[in-house]
Amino acid sequence: MEGDFTGKDVYGKHFAPKDYLKMYYSFSKEDGTQENRALTFYLQKFHKTFTVDGVKGDTLIDIGSGPTIYQFLSSCGSFREIIATDYTDQNREEIKRWLKKDPDAFDWSQALKYVCELEGDREKWVEKGEKVQSTIRRVLKCDVTQVNPLAPLVVAQASCVTSTFCLDSACKDVTAYRAALKNVGSLVKPGGHLVLLVALGASFYMVGEQMFFNLYLEKETVDSAVTEAGFDILWSEGAKNSYSPIHSDCKTVYFLVAQKRIKV
Ligand SMILES: Cc1nn(C[C@](C)(O)C(=O)N2CCN(c3cccc4cnccc34)CC2)cc1-c1ccccc1
């Protein structure tokens, strides 16, 4: 079920955040059975990165946030300011809905409770949500195909840049992927961190009835692109894909933490 590259215009016209959130971020099935194993893997690795290993700093920029906020649940206590970004208006609007506690916003309470349990007190989930809402200070447009992904804004380099499932969906080939990684890497200050979540071995994914292109990547391609962009990989971990084969042909979800080399 491979498809042609679904460029920027397709996302703007056809990407339905609410279908996507329901399909990929519902915490458990209607009958409360199987937990969303993909999401709990991401939450565990963000917990290890920010809460256990202590990656922290002044500003964190998340590139290609999509309509989600799960990626901030552990980092919100480690940075003074978080900047969320996305290419499409509808994804930025969905994030703003949650930030404003709009009743139509997606319900992240199960993910909030899960992260609070990892941190030792599941009952603190309301405070955790408010901490995320107060730490995300800006929601900006980004385009990873631009040398400055936040153009026309010029933003000071950040202590940490995170990006989940963005570059593999936004880039049509490995050359574009390497270039985009350099663009995103330029937003990290020397000695700062880059955190990536990548779908390996995925050529498509579905959102509702719409099929989206995904760049087929292997671990070695990602690792070499990160190194070439000026980063040392500190650690990485893959997990077997648990998405339904109807939704995607993804083989592995891959979590990577790297540190920007300091030029001497
Ligand atoms: C799960 C999952 N979530 N997602 C992220 C998703 C829905 O694709 C998204 O919201 N994105 C990334 C692309 N993005 C962009 C598209 C065009 C141009 C962009 C220029 N700059 C920045 C971003 C641009 C806009 C935000 C992908 C998966 C997934 C992947 C493989 C297999 C299975 C699931």
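Index from 1, following the sequence. Each ligand, and each atom within it, is numbered from 1 in the order the structure gives.
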Query raised in the report: Is the closest side-chain donor-acceptor distance between Asp62 and Thr162 under 3.5 Å?
Result: yes
What short N/O contacts, under 3.5 Å, does ligand 1 make with the protein, listed by atom pair and distance?
| unit_1 | atom_1 | unit_2 | atom_2 | d |
| --- | --- | --- | --- | --- |
| ligand 1 | 3 (N) | Tyr20 | OH | 2.6 |
| ligand 1 | 8 (O) | Tyr11 | OH | 3.2 |
| ligand 1 | 8 (O) | Ser169 | OG | 3.3 |
| ligand 1 | 8 (O) | Tyr205 | OH | 2.4 |
| ligand 1 | 21 (N) | Val144 | N | 2.9 |

Query raised in the report: Just by distance, do the side chain of Gln259 and the backbone of Gly191 share a donor-acceptor pair under 3.5 Å?
Result: yes
Requested in this report: Look only at the side chain of Ser203 and the backbone of Asn214, and say whether a donor-acceptor pair between them is shorter than 3.5 Å.
Outcome: no
Report task. Would you sort out whether Asp232 and Arg261 count as a salt bridge (Lys or Arg N to Asp or Glu O under 4.0 Å), showing the intermediate values? Result -> CA-CA 7 Å; Asp232 293 326; Arg261 285 192 287 274; 2.9 Å; yes
Query raised in the report: So does Lys101 pair up with Glu130, basic N to acidic O under 4.0 Å?
Result: yes
Query - Tyr254 six-ring face occupied by Lys219 cation (under 6.0 Å, within 45°) - result: no
